[in-house]
Structure formats: structure tokens, C-alpha cells
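Below is one structure, written out as C-alpha cells; comments come after it.
Whatever order the structure lists them in is the order used to number ligands and atoms, beginning at 1. Model, not experiment: these values are computed from the prediction.
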Amino acid sequence: MIPDLSVELCGVRLANPLVLASGILGTEAALMERVVRCGAGAVTAKSCGPEPRPGHRNPTVLHWGPGLINAVGLANPGVDEAIPLLQETAVRLKPFGTPLIASIFARSADEFGYMAARVAEAHPDLIEINLSCPNVASEMGRPFSLDPAATAAATRAAVNATDIPILVKLSPNVTDLVAIAQAAVEAGGRGLTLINSLGPGMVIDIESGAPILSNRVGGVSGPAIRPIAVRCVYDVTRALNVPVIGVGGVMDGRDAIEMVMAGATAVGIGSAVYWHGPEVFARICREMSDFMSAHHHRSLDEIRGIAHDR
Ligand code: SIN
């Protein structure tokens, strides 16, 4: 029997649990459609904010070995331009039945309300609120996700602005992630995306002695942080009954299965697309399916969160 990889995320059905993580391939509708044709179960657009932002100067992304480090600086065309792009993406994805997740950032709780209402005009299936970018602290201050009260305020503002379910993207760079996740859920967040990149970190070119990223520091992602992402998903889903997109260094089917066993409902794919291109979605699905067949699992429900009890 072919295992059933479909999942339900905040009332939205995905044919498989693999979600293109935000920021990996921008917002262009044609690219989002390509990712869907390559087998993604859902796609997340790059975070957009109220105004256009050029982001940081290059270099903004570096492959340093077992992971990536990035400081893109929330480059985006601004919400007025992002809405038609999201609308076009939604139209292109409709024949495939693949959900679109819009992603937003803002500088204040009220602005999260404004942004949620604006992107709702494009009718995405879900809205992810990015409270956790580690790369803009010098301009925007501490990320909301470092504090339960700030997380709750931003989440509540977004939830009150739209009927579209809100996913809250949190940071691993905290001492009590469960308390922050709980604040997001109590404020009406329907699901969580765990985790944004770790750090910030720094990579120095030892020939010149200079940090390589133009921003000097950036968020660390990729296989090097997968055990941290798995632990975050495990801790939060063990403590709270909330659907989670587990993101962080998933490169193959076994990594994705591990994320589901930690408690994830869906699995974000980011660095693997950077390394292997969008074709990686079909491969990871096939590897998940092979593992499940070999272990006689009929659906992901049978393995979700099993690590909690073992
Ligand atoms: C960036 O644009 O710098 C990355 C976005 C993020 O980590 O949330």
C-alpha cells in the first residue's frame, strides 16, 4: 500500500507535508508554481513589509560548510507590489490545489494588524507572521519573538485583522521557547513555524580578516542547526496542542520523518532547495514514502510525535 503523506494544517489540506520555507525563492509567481510542479505540499512567499526595502548589500548569503549564513535584511517590494504577486501566485496554484502561505513582517503590533489585513486581499490560505528575523535589529530593534508579551501583541493584532489562520514564526534564540509559543497560541495563533535561523553568527574570511557578510552577522541555517530545530519542535508540541511547521536543515526523507516524529505537522524545506533546487521536493517525498512503507506506516498520523513517549 502507498503511504498517505497528506496532512491538515490549520484546516488547510496539503497533499504532502513539505512546505517551501519563506525567503528561499522570493515571491515571483512563476517560481512558486515551479516549486509546486516539483512536488511541494505548500509554498511560503518571502516576507513582505509595509514599504519596499532593498535589504542589505551583497554578500547576503554564504554556504560556510554544514550550513548557510544569511543576512538578506528583509528585502521585499513592499506590500502594494507584493499583493498582486501573491494574487498571481494564488491563481497559478489553484489548479494544483496547493496552498499559498503569505509571510509578513512589521515594526509594531499595530502594523502587524495592518499587514495581515493587506495581504488578506490576495486570499492566501494561511498567513505567517515573521516575528523572528535576526538580521534587522539595528533598524527595527529586538525581534518580537524574544518576548512573550511582544509575541502576543503582534499575534493578536494579526488575528484580529483577518479570518485567515495565522501562523507565528518564532526564534530558537530564547531560553524558554515554550512560554513564547504559548503566548502566541493564547493570542489566537492557529499554528507555529519553528524555527527561524539561529544566532546571529559570523564567518570571517581569514585572508582579509573581515567578516564575509556585508551585515557582518547573520542567521545560521541548514543541517548544522537541525538538532536544535528538532528539539524546539519536540519541546513545543509536547507542551502545547498546536500544529507546527518544523523547519531547520531538513535535507532528505529521513530528516523529514524525524521532524514529524518530534511532533511537526508539516516540514519546511529551505537550505535543501538552495543546494539541490526545487526538484528536491519530489525526492524527499519519495524517501519519506519509502521509509514509511518499509516500516508499515500507513499515514503520518501514526508517527507524529512518537518521540514524546519513547
Ligand atoms: C532576512 O531577510 O534577513 C531573513 C529573514 C528572516 O530570517 O526572517
Closest contact, heavy atoms only, Val159 versus Gly189:
CG2-N, 4.0 Å
Would you call Cys48 and Thr27 a side-chain contact if the rule is heavy atoms closer than 4.5 Å?
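Not in contact.
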Ignoring hydrogens and angles, state whether a donor on the side chain of Ser6 or Asp4 is under 3.5 Å from an acceptor on the partner side chain.
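Per modelled atom types, Ser6 and Asp4 side chains form a pair under 3.5 Å.
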Taking [X] for the side chain and [Y] for the main chain, is one N or O donor matched with an acceptor at less than 3.5 Å?
| X | Y | result |
| --- | --- | --- |
| Thr60 | Asn70 | no |
| Ser47 | Ile104 | no |
| His63 | Gly65 | yes |

Would you mind listing each N/O atom of ligand 1 next to any protein N/O under 3.5 Å, plus the distance?
| residue | atom | partner | partner atom | Å |
| --- | --- | --- | --- | --- |
| ligand 1 | 2 (O) | Lys46 | NZ | 2.8 |
| ligand 1 | 2 (O) | Gly73 | N | 3.4 |
| ligand 1 | 2 (O) | Leu74 | N | 2.8 |
| ligand 1 | 3 (O) | Val72 | N | 3.1 |
| ligand 1 | 3 (O) | Gly73 | N | 2.8 |
| ligand 1 | 3 (O) | Asn135 | ND2 | 2.8 |
| ligand 1 | 7 (O) | Asn196 | OD1 | 3.0 |
| ligand 1 | 8 (O) | Asn130 | ND2 | 2.8 |
| ligand 1 | 8 (O) | Asn196 | ND2 | 3.0 |

